[in-house]
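Report on one structure; see the data block that follows.
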Amino acid sequence: MQEDLAILWAAIQEMHPAYGIYTTPQQLKAIYKSTCSSITHPLTESDFITRIYPFLCALKCGHTQLKHSAGFDPSKEPKQPPLPFQVLVRNHRAWVKTYRTAKLHTGDEIISINDIPTSDVIRHGYDLYCGDGYNETFKELFLSEYDGFEDACTKYYHWKAPYRVLVRNNQGKTKIVQIGAITENTPFKPEQKQAPEQKNWTEATNTDYLPLRFSNTSSTAWFEVKTFQYADTLIYEQAFKQIRMKGIKNLIIDLRHNTGGDIRIAAKLLSYLADSSFHIIKEIRSRTPDPAVNPFNKYFDANRTESFKLGFKPGPKRADGYHIDFRPVFGLSYQALPVNPLWHFKGTLFVLIDGATFSSGAHAAAAIKAQCKNAKFIGRETAGAEEGCSGGTIQHLTLPNTHIVVEFPWMRVVSVAKNPVFGHGIFPDYTVSYSAEDITNKRDLDLKKALSLLQ
């Protein structure tokens, strides 16, 4: 395990695009040494991943993650019981959303668990999955929606029932409750309802998995743009054709939970929205002359290396690294791209964003902000940093002893943002906060805010 960690540290120092950007090399080295010295006895594969994740998180790169080995068998690891409640995490505090025991209620604030302050649980949960820069909205969403809070309780603290939970109810009264063991078959309560904001819409045709809806009460369309996939371009054409044919004046582009995908597809979306000819990114660069030529090639995925060679071409040295060009087969260039001449939208534009708007989803948001002068953003800070992110090619570095796989980006993708707040995502013009009750009742407060602004 120590040897594998040393190989990972050497690769990060040599070529990781986020090295030294958000955390100084001296700070990273200290965290590496502390992590390495803490590995003094055998660990399960899951425990080893949990042990080294805080070190990896210090890079502050959301594209750098850890994956189990190809031969990992979860049935051989100790079975952890499920947590008897789910939470909403915000501002280092946690509230009960749904629960599997009558001792808790939606909206109860969790003050501590087993006498450990909830803020400490959240802090350790932040170190179980990497994120870009200094952003916290993604970490909050990870703990709230992707079992990150439960992982902190079970993987870091190794807690099992019964739990001693200090809660504060909606009336401000605190009490300690003892919660015993429950099974995975015990249902969560309460049952969720349909959001009222999602009524009074008519679903468009021919948009498949990207819902396009038209308001029944105004000249407004709402288009959910999920992760960027190849088939999206055909759907975009159908969607924006219908938007134009119906004379839609107000468009809501929903980039919430758009975790990225192909940047070329994001460029296609911009062709319908940008005020004039546009750029989707500013530049791609690397820390080494040619990422495909490095001392760690035997650990990297050979197929991904070949894919890099097909799509990218190493370029000249610059002050901040080495410029990377696109090869013609990639289908994208640094030249200004044209807007769509037939179905270009020119009305009022609102963009919904949140803590899972990431990677090329965040690049799309940054490009809209920079090149759509009338666009207004609603929601929460994006997960992807506004100035750009590590990416381009996400390699797989397989550590030779444990066979754990490290998702390892080779390049830095610089956005077209004009005045980004360093280390943070795109901030909305209108920030919207949710309560636990809002979530359990499926209230879409972002959409509600957009509609209220149109009124």
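Residue numbers run from 1 in the order of the sequence given.
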Closest approach of Thr382 to Gly425 (non-hydrogen atoms, all atoms of both residues): OG1-CA, 3.3 Å
Sequence neighbours excluded, every pair satisfying salt bridge (charged side-chain N to carboxylate O under 4.0 Å, His left out) that has a member inside residues 354-371: Lys369-Glu386
With sequence neighbours excluded, residues passing side-chain contact (heavy atoms from CB on, under 4.5 Å) with Thr106: Tyr99, Pro190, Ala436, Glu437, Thr440
Pair listing, ring-ring contact (aromatic ring centres under 6.0 Å, His included) test, anchored in residues 69-88, at least two apart: His68-Phe72
Cation-pi check, Arg100 onto Phe188 ring (under 6.0 Å, within 45° of axis): yes
Full working for salt bridge (charged side-chain N to carboxylate O under 4.0 Å, His left out) between Arg443 and Asp438: CA-CA 5 Å; Arg443 297 176 187 135; Asp438 291 329; 2.7 Å; yes
Steps toward side chain to side chain contact (heavy atoms under 4.5 Å, CB included) verdict (Asp446, Arg380): CA-CA 9 Å; Asp446 302 319; Arg380 290 147 302 287; 2.8 Å; yes
Min side-chain heavy-atom separation Tyr32-Ile52 under 4.5 Å: no
Closest non-hydrogen atom pair, Tyr22 against Ala385: OH-CB, 3.9 Å
side-chain hydrogen bond (donor to acceptor under 3.5 Å, both in side chains) involving Glu109 - partner list, sequence neighbours excluded: Arg93, Arg168
ring-ring contact (aromatic ring centres under 6.0 Å, His included) involving Phe358 - partner list, sequence neighbours excluded: His63
Pairs where residues 44-56 contributes a residue and the test salt bridge (charged side-chain N to carboxylate O under 4.0 Å, His left out) is met, not counting sequence neighbours: none
Sequence-distant partners of Tyr334, ring-ring contact (aromatic ring centres under 6.0 Å, His included), two or more places apart: His323, Phe326
Minimum heavy-atom distance Tyr19-Pro25, with the two atoms named: OH-CB, 3.2 Å
Check against side chain to side chain contact (heavy atoms under 4.5 Å, CB included), Arg264 and Phe330: CA-CA 9 Å; Arg264 294 167 290 189; Phe330 189 79; 3.8 Å; yes
Under 3.5 Å side-chain donor-acceptor pair for Asp151 and Tyr156: no
Close side-chain approach of Leu43 and His41, heavy atoms under 4.5 Å: yes
Qualifying ring-ring contact (aromatic ring centres under 6.0 Å, His included) pairs with a residue from residues 158-181, counting only residues at least two apart or across chains: Tyr157-Trp159
Which residues share a ring-ring contact (aromatic ring centres under 6.0 Å, His included) with Phe427, sequence neighbours left out: His424
Where at least one partner belongs to residues 116-129, residue pairs that pass salt bridge (charged side-chain N to carboxylate O under 4.0 Å, His left out), sequence neighbours excluded: Asp120-Arg123
Contacts of Tyr126 that satisfy ring-ring contact (aromatic ring centres under 6.0 Å, His included) - sequence neighbours left out: His92
Within residues 52-63 or reaching into it, pairs that qualify as salt bridge (charged side-chain N to carboxylate O under 4.0 Å, His left out) - sequence neighbours excluded: none
Of Arg213, His257, Arg256, the residue whose pairing with Glu224 passes side chain to side chain donor-acceptor pair (under 3.5 Å): Arg213
Side chain to side chain, Pro17 and Met411, heavy atoms closer than 4.5 Å: no
